[in-house]
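In what follows, a structure is listed as structure tokens, so that the remarks can point back to it.
Residue numbers start from 1 in every chain, and the chains themselves are labelled A, B, ... in the order their sequence lines are given, proteins ahead of strands.
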Amino acid sequence: MLELCDISKNFGDIKAVESVSLKVKEGEMLGLVGPNGSGKSTLLKIMLGISRPSSGRILLNNGELTEKGWRDFRKQIGYMPERVSFYDNLTGRETIELFARVKGGSAANAIELLKKVGLENAVDRRVGGFSKGMRQRLNLAQSLSNDPDFLVLDEPTSGLDPVGTKEFYKILSDVRKIKNLTVVLSSHILAEIEDKIDRVAVMKAGRLNALGSLEDLYSGLSLPMRLHILVKDRDAGLEELLRREGAVDINYKDGHLIASIPREDKLRILSVIMERKESVDDISLREPNLEEVFFGIH
Amino acid sequence: MVFTDAMKAIARKELSDKLKSRWVLVIAAGFAVFTLVISYFGGATSGVAGFRSMDATIASLTSLVTYFIPILALTLGGGIIADERDKGTLEIYLAAPVSVAELISGKFIGLAIALTLSTLVGLGVSGIVLLAEIGMNALSSYLIFMLNSVILGIIFLSISFVVSILFTERARVIAFTVFLWLFFAILYDLGLIGLLIITKGAVGEEIFSGLLMLNPVDVYRILNFLSIGELKVFLGLAAVELPAYMKMPVLWAISLLWVVLPLIMSYHFFKRRYLA
């Protein structure tokens with residue numbers, strides 16, 4: 001278990017990370033979310049030992065990491081930086097062999113790894129001819145080249161199209177089925193990772209604003225639920241009724257009346273709507289997604 | 001520090017890049033052609049073309065090498081770290097169980113082997129022609145000249161690593177590389193001559209020889225002229241003599257310092273810039 005205790009990182013007068021404490025549990029997938037410049041990448045680099053914190057402690061299995069401790073820990077780490085173009089003159093296999101050797105892994109597994117990430121047809125092709133999606137897969141393969149226990153992915157789908165993004169998470173999911181990897185994943189595309197992570201750490205302006213499972217965040221913050229009503233015609237009376245019952249952010253668009261309602265009042269509001277069922281075709285009630293949690297927190 | 005597997009992998013990658021891209025072959029061919037042309041036409045100004053004595057040839061080749069090798073070595077290593085940073089691969093190395101010393105040493109060794117190979121092959125090919133024409137009794141002088149040329153290349157490769165870490169933009173790397181080359185190959189000696197003129201030769205032997213040691217190009221020149229016994233030719237302008245202890249082993253030791261010190265600086269600058 002990796003534990004960050006009251007970590008701060010300053011660059012001159014700029015506080016990139018401020019008093020962040022969090023534990024990364026073994027085998028979990030932790031999502032680190034926040035807008036650009038919120039300190040996610042700096043925090044990841046601190047976790048990897050690339051950047052030294054200005055203050056605070058980093059513990060691994062309850063022991064403080066020493067110089068040698070970091071070296072040993074790095075043998076277990078797989079890191080996928082956000083933007084890597086690799087060496088155009090090397091083939092896919094040569095690239096993985098190089099990083100496997102550098103990280104103390106087995107170069108003999110290069111082809112198997114490339115197959116695992118769907119690059120079996122590009123084993124002996126030069127990376128210079130790879131598409132963005134192929135380079136991201138290669139990046140994932142290099143991060144796995146030392147058979148790590150702890151995987152750190154910095155904005156792994158940045159620049160990928162929706163199909164590429166979906167394929168990437170499918171590969172990651174397949175890899176995790178084979179090995180119980182601990183994964184820390186940063187993203188600013190919140191909706192993209194909410195169904196993949198066990199816990200989320202929300203960062204803003206260098207501070208950790210929230211940490212927990214999505215369920216914990218939903219219940220702890222008691223966020224409003226989103227009410228979608230398909231109406232026959234726009235009904236000012238219904239809108240007024242909803243407002244009176246505590247609904248907020250009421251909008252009408254394309255035959256839908258959308259509003260936020262307090263979680264604890266949902267049954268009462270639904271029964272009130274039923275009294276005007278002649279105006280209503282359909283009703284649905286949705287949990288806020290991670291993005292709404294994220295912005296709700298902010 | 002032992003030669004670890006990670007260092008081997010990094011060094012092999014750098015060497016393999018230079019071999020595959022035919023860099024080594026092109027530079028070696030360039031060396032061979034230039035040295036043969038200089039050797040043959042080196043005495044043309046006195047109206048004689050053709051191979052002369054080995055001492056005269058080495059004196060001519062020394063001038064060629066002092067311009068050619070420093071710029072070659074500086075451009076070879078000048079972008080080595082900046083390139084890794086631009087490609088995003090530097091972060092992979094930093095997160096790997098590899099120390100900064102291993103990373104820098106691995107890259108340095110790989111490039112040093114490539115540079116050494118091209119220098120030895122280039123000068124070796126022309127050396128075979130020269131020895132066939134001039135005679136084998138000049139072999140030892142030529143071998144020492146080759147060794148000194150390799151050392152000069154390694155010194156400037158070491159200096160190039162400092163440049164690569166201090167400057168992250170390619171344009172600045174190129175500008176500073178050209179400045180360093182101009183400084184060591186031309187401006188420094190002009191400055192020394194200027195100093196002698198201004199002080200009317202009052203600069204003592206100790207100070208003057210000490211100032212020469214601060215320029216690896218001058219160390220290289222002295223080594224070559226010492227080996228052929230023509231140091232007076234080189235120092236004639238200065239009208240001073242080197243102290244007696246300034247023998248070849250001492251100059252080689254100073255050359256070694258010129259290799260090691262920039263590498264130590266690279267190590268510290270790297271840690272400050274990339275691991276702060």
Side-chain angles (χ1 to χ4, degrees), chain A residues 9-12 41 44-54 67-91 94-95 97-107 126-127 135-136 138-139 142-143 145-146 148 150-152 154 158, chain B residues 1-25 79-111 114 168 170 267-268 270-276:
Chain A
K9 176 72 182 179
N10 306 327
F11 295 107
S41 290
L44 288 184
K45 283 176 186 160
I46 289 170
M47 280 184 198
L48 295 163
I50 296 177
S51 183
R52 291 187 182 185
S54 305
E67 193 79 20
K68 187 184 177 302
W70 270 115
R71 197 181 167 99
D72 290 340
F73 179 42
R74 286 202 188 107
K75 288 177 186 165
Q76 304 167 34
I77 295 177
Y79 175 45
M80 184 178 165
E82 183 180 356
R83 278 182 294 271
V84 186
S85 56
F86 292 106
Y87 309 107
D88 286 353
N89 61 326
L90 296 189
T91 64
E94 287 167 341
T95 303
E97 284 174 350
L98 168 68
F99 287 111
R101 288 190 182 108
V102 167
K103 298 197 284 184
S106 169
R126 287 189 193 279
V127 175
R135 283 174 202 256
Q136 283 297 79
L138 187 66
N139 199 357
Q142 77 69 23
S143 72
S145 63
N146 55 329
F150 186 72
L151 197 58
V152 177
D154 191 4
S158 164
Chain B
M1 186 174 60
V2 289
F3 199 41
T4 62
D5 287 345
M7 275 167 71
K8 276 182 208 164
I10 295 166
R12 192 184 299 153
K13 190 254 170 201
E14 295 302 333
L15 177 61
S16 159
D17 280 355
K18 296 301 165 206
L19 289 171
K20 276 192 205 166
S21 67
R22 297 194 174 86
W23 184 93
V24 171
L25 190 67
I80 192 80
I81 300 297
D83 281 353
E84 295 289 354
R85 198 195 64 138
D86 292 347
K87 286 187 173 75
T89 42
L90 186 61
E91 284 193 5
I92 299 175
Y93 287 113
L94 295 179
V98 179
S99 68
V100 173
E102 284 174 288
L103 176 62
I104 291 177
S105 305
K107 289 197 164 287
F108 181 76
I109 290 166
L111 293 182
T168 51
R170 182 156 282 279
Y267 172 82
H268 288 289
F270 187 98
K271 282 191 113 171
R272 194 178 298 176
R273 180 173 280 265
Y274 294 108
L275 292 173

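For the atom pair CH2 of A:Trp70 and CG of A:Leu48, the computed distance is 7.0 Å after rounding to the nearest 0.5 Å. Considering OG of A:Ser143 and CG of A:Asp154, their distance stands at 12.0 Å, rounded to 0.5 Å. Atom CZ of A:Arg135 and atom CZ of A:Phe86 lie 9.0 Å apart (nearest 0.5 Å). Note: B:Lys13 NZ to A:Leu98 CG = 7.0 Å, rounded to the nearest 0.5 Å.
Within a 6.0 Å radius of CZ in B:Arg22, other residues, nucleotides and ligands contribute 12 heavy atoms or fewer.
Interface residue B:Tyr274: only backbone heavy atoms are found under 4.5 Å from chain A. For A:Phe73, no part lies under 4.5 angstrom from a heavy atom of chain B. Of the atoms belonging to B:Lys20, it is side-chain heavy atoms, and not backbone ones, that fall under 4.5 Å from chain A. For A:Glu97, no part lies under 4.5 angstrom from a heavy atom of chain B. Heavy atoms closer than 4.5 Å to chain B are found in both the backbone and the side chain of A:Arg71. If you measure heavy-atom distances from A:Glu82 to chain B, you find no contacts under 4.5 Å at all.
Here B:Ala95 is the residue among B:Ala9, B:Ala95, B:Ala6 with the most heavy-atom pairs under 4.5 Å with chain A. Looking only at heavy-atom pairs under 4.5 Å with chain B, the residue among A:Val84, A:Asn139, A:Asn146, A:Asn89 that has the most is A:Val84. No other option in B:Thr89, B:Asp86, B:Ile10, B:Asp83 has as many heavy-atom pairs under 4.5 Å with chain A as B:Thr89. Counting heavy-atom pairs closer than 4.5 Å to chain B, the top residue among A:Glu67, A:Met80, A:Arg101 is A:Arg101. Comparing B:Ala276, B:Pro97, B:Gly88 by heavy-atom pairs within less than 4.5 Å of chain A, the highest count is held by B:Pro97.
Panel note: side chain A:Arg74, backbone A:Gly49; a donor-acceptor pair is recorded below 3.5 Å.
Between B:Asp5 and B:Arg12 there is no salt bridge, since no side-chain nitrogen of the basic residue lies less than 4.0 Å from a carboxylate oxygen of the acidic one.
Taking both residues in full, the closest heavy atoms of A:Pro53 and A:Lys9 are given as CA-CD, 4.2 Å, listed atom of the first, atom of the second, then distance.
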